[in-house]
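Before any comments, here is the structure.
Bear in mind that the values here come from a model prediction, so they are computed numbers and not experimental data.
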Amino acid sequence: MMRLIRRALNGVTMYRLMVYYLGLLFVGGLAAGMTGATFLDPAGLLLSLVLAVASAWVTNRLFSIVLKLPTNSESVHITALILALIMPPADIADPTTLAAIVLASVAAIASKFILTIGHKHIFNPVALGAVVAGIGLNTPALWWVGGTPQLLPLVILGGLLVGYKIERLGMIAVYILSNLAAVIATTPPGMMGMALQQTLLYSPLFFAGFAMLTEPLTAAHGRWSRHVYAAIVGVLSCSNIHIGTLYFSPEMAFLVANIYAWAASPKGRFKMKLIGVEEIAANCYEFVFQSDRALQFRAGQYLDWTLGLPKSDTRGNRRTFTIASAPGATSVRVGVKFTPDGSEFKRGLLEMQEGDPIYGSQIAGTFVLPRQREKKLLFIAGGIGITPFRSMIADLLERGEKRDIVLVYANRSADEVAYRELLTRARSELGMKVVYAVSGAPGDASTLPGTVVEGRMDETKLRECVPDLHERRVYVSGASAMVAGFRKTLRNCGVRRRRIHTDAFSGL
């Protein structure tokens, strides 16, 4: 079952999955209203969605034209859908509700362009839009999607898929537990049952956690920073928390936590110009960019890349790619594998000319080297999954730092092996052991700088190549199916789960 779920999730981007999730919840709300299961007026809900989408799209388009920046169209629809799910349904007889939807949508989208410091977004757009509508028109968010118990199964099941896809289930759990802890701590014992029932069944708790807490551009990025951010939102979202006469709403809780996230996370949106493209393996290319300012990151971290496209397919114009260059490098490198059925995004990359721009944001990721240099490490890469290790190895070479590392690099043929020159240097200068697992036609395997193992790297071969496997911290990077397969192999070899670190990608 999990294999089928992973396969389905791998075929869709994070943003597209969120659109599907929110759209399903909206359809569920319409159905609940049509059947009389809730107070929701289906016509009002549809009008809300139309107003939110139109207002958000026009605002986004205007700012994009004036500032000459590429934008993510799916982000616009996500913002509009969330606002339609939390704002009071529009009522044609009450102009204030119509104006509130429009004002919230305009404020939400405008904040992405205006409310930035150091080229980084500060506030969650939806939360800001809801607060502006609440203050400006005295029409606060209703959060009807969270107050409709009939939708709770959809909220939770769909939200779990989203959290699993973006690997934020731990962050969401911290948020939920923090909120429940705050409810318990601030509720008299005699009212505890009622308070917990209200929180679990009729509050925005789950929807806010799955749909808004995970918003990538305004949440904290480091593992521990994310947990602190989630705890702040969780505690302040408790209806009993207040400062004097000011009681926090969920949207206010997000705005407060966003300030912490901005201070704790890497900042900025980077404009990069293409300066070169090199074929590094069969159907794999490395793109070299010059950034308008220096990137501060750790080897193995990634960026969100946004490319201006004349047209985009259902997979959108934003992707997450690992930075392949070392932190001290003057250029920014990214390795990309291309397939015949590739997305419009990848076609756009191939059509880029020298000097063309692309935008990067949200430096993040915990797939990094341990700070303890004495740790023995095993790197396992599949195909273009070598890119985070390329960054790590280049960083070690630049600093002349030797570590006890074994690299197992799995490909179908020798032609698919990338970064041969760098791996040769790593063997000679760092003493790194390199093992190539070639599962298909070997090709000219004699040219590979290291040990070659024909066939798939199974448990027996892995133990032979890495006799001290149980002493090593293991890092696995590659396509999702490959990562899942090696995780199972490692577990069958007796490697503890906490010693396995993974970095999976969909290849879209």
TODO: Determine whether more than 12 heavy atoms belonging to other residues, nucleotides or ligands lie under 6.0 Å from atom CZ of R491.
DONE: yes
Open item on the list: Under the criterion side-chain contact (heavy atoms from CB on, under 4.5 Å), I'd like the reasoning laid out for R168 against V162: C-alpha separation, chi angles, the key distance, then a yes or no.
Closed with: CA-CA 8 Å; R168 293 293 183 269; V162 170; over 6 Å; no
- [ ] Could you point out which residue of I380, L377, I386 forms a side-chain contact (heavy atoms from CB on, under 4.5 Å) with L407?
- [x] I386
Open item on the list: Exactly one of L303, D503, I384, V334 should register a side-chain contact (heavy atoms from CB on, under 4.5 Å) with T322. Which one does?
Closed with: D503
Task: Test log, rule side-chain contact (heavy atoms from CB on, under 4.5 Å), inputs M212 and F254 - done: CA-CA 9 Å; M212 290 182 62; F254 275 105; 3.7 Å; yes
Open item on the list: R472 vs D468, test: side-chain contact (heavy atoms from CB on, under 4.5 Å). Steps then yes/no.
Closed with: CA-CA 7 Å; R472 296 181 179 272; D468 57 352; 3.0 Å; yes
TODO: Please assess N258 against Y229 for the test side-chain hydrogen bond (donor to acceptor under 3.5 Å, both in side chains), listing each intermediate value before the final yes or no.
DONE: CA-CA 8 Å; N258 288 153; Y229 171 76; 3.1 Å; yes
Open item on the list: So which atom in R390 and which in S325 form the shortest heavy-atom distance, rounded to 0.1 Å?
Closed with: NH1-CA, 3.7 Å
Open item on the list: Applying salt bridge (charged side-chain N to carboxylate O under 4.0 Å, His left out) to D404 and K375, what does each step give before you reach the verdict?
Closed with: CA-CA 7 Å; D404 188 342; K375 295 285 186 182; over 6 Å; no
Task: Shortest non-hydrogen contact between I101 and S48, atoms and distance - done: CG2-O, 3.6 Å
Open item on the list: Between D304 and Y359, is there a side-chain donor-acceptor contact under 3.5 Å, judged purely by atom types and distance?
Closed with: no
- [ ] Start with the C-alpha gap between Q296 and I363, add the side-chain angles, then the distance that decides, and say whether side-chain contact (heavy atoms from CB on, under 4.5 Å) holds.
- [x] CA-CA 8 Å; Q296 301 296 324; I363 297 174; 5.7 Å; no
Task: For Y21, the option from L161, L157, V155 that meets side-chain contact (heavy atoms from CB on, under 4.5 Å) - done: V155
Open item on the list: Parallel, tilted or perpendicular, judged at 30° and 60°: which one describes the rings of Y475 and F367?
Closed with: perpendicular
TODO: Take N492 and E459, measure what side-chain hydrogen bond (donor to acceptor under 3.5 Å, both in side chains) needs, and give me the verdict at the end.
DONE: CA-CA 7 Å; N492 290 341; E459 298 168 26; 3.0 Å; yes
TODO: Classify the angle between the aromatic ring planes of F206 and F210 as parallel (below 30°), tilted (30 to 60°) or perpendicular (above 60°).
DONE: parallel
- [ ] State, to 0.1 Å, how close F270 and A294 come at their nearest heavy-atom pair, and which atoms those are.
- [x] CE2-O, 3.8 Å
Task: Heavy-atom pair with the smallest gap, counting every atom of F123 and L115 - done: CD1-CD1, 4.1 Å
Task: Non-hydrogen atoms of M392 and V368 that approach each other most closely - done: CE-CA, 3.9 Å
Open item on the list: Measuring only between side-chain heavy atoms, which start at C-beta, is W144 closer than 4.5 Å to T38?
Closed with: no
Open item on the list: Quiz question: by atom type and distance under 3.5 Å, do the side chains of N179 and T199 form a donor-acceptor pair?
Closed with: no
Task: Exercise: identify the closest heavy-atom pair between R298 and L369 - done: NH2-O, 2.8 Å
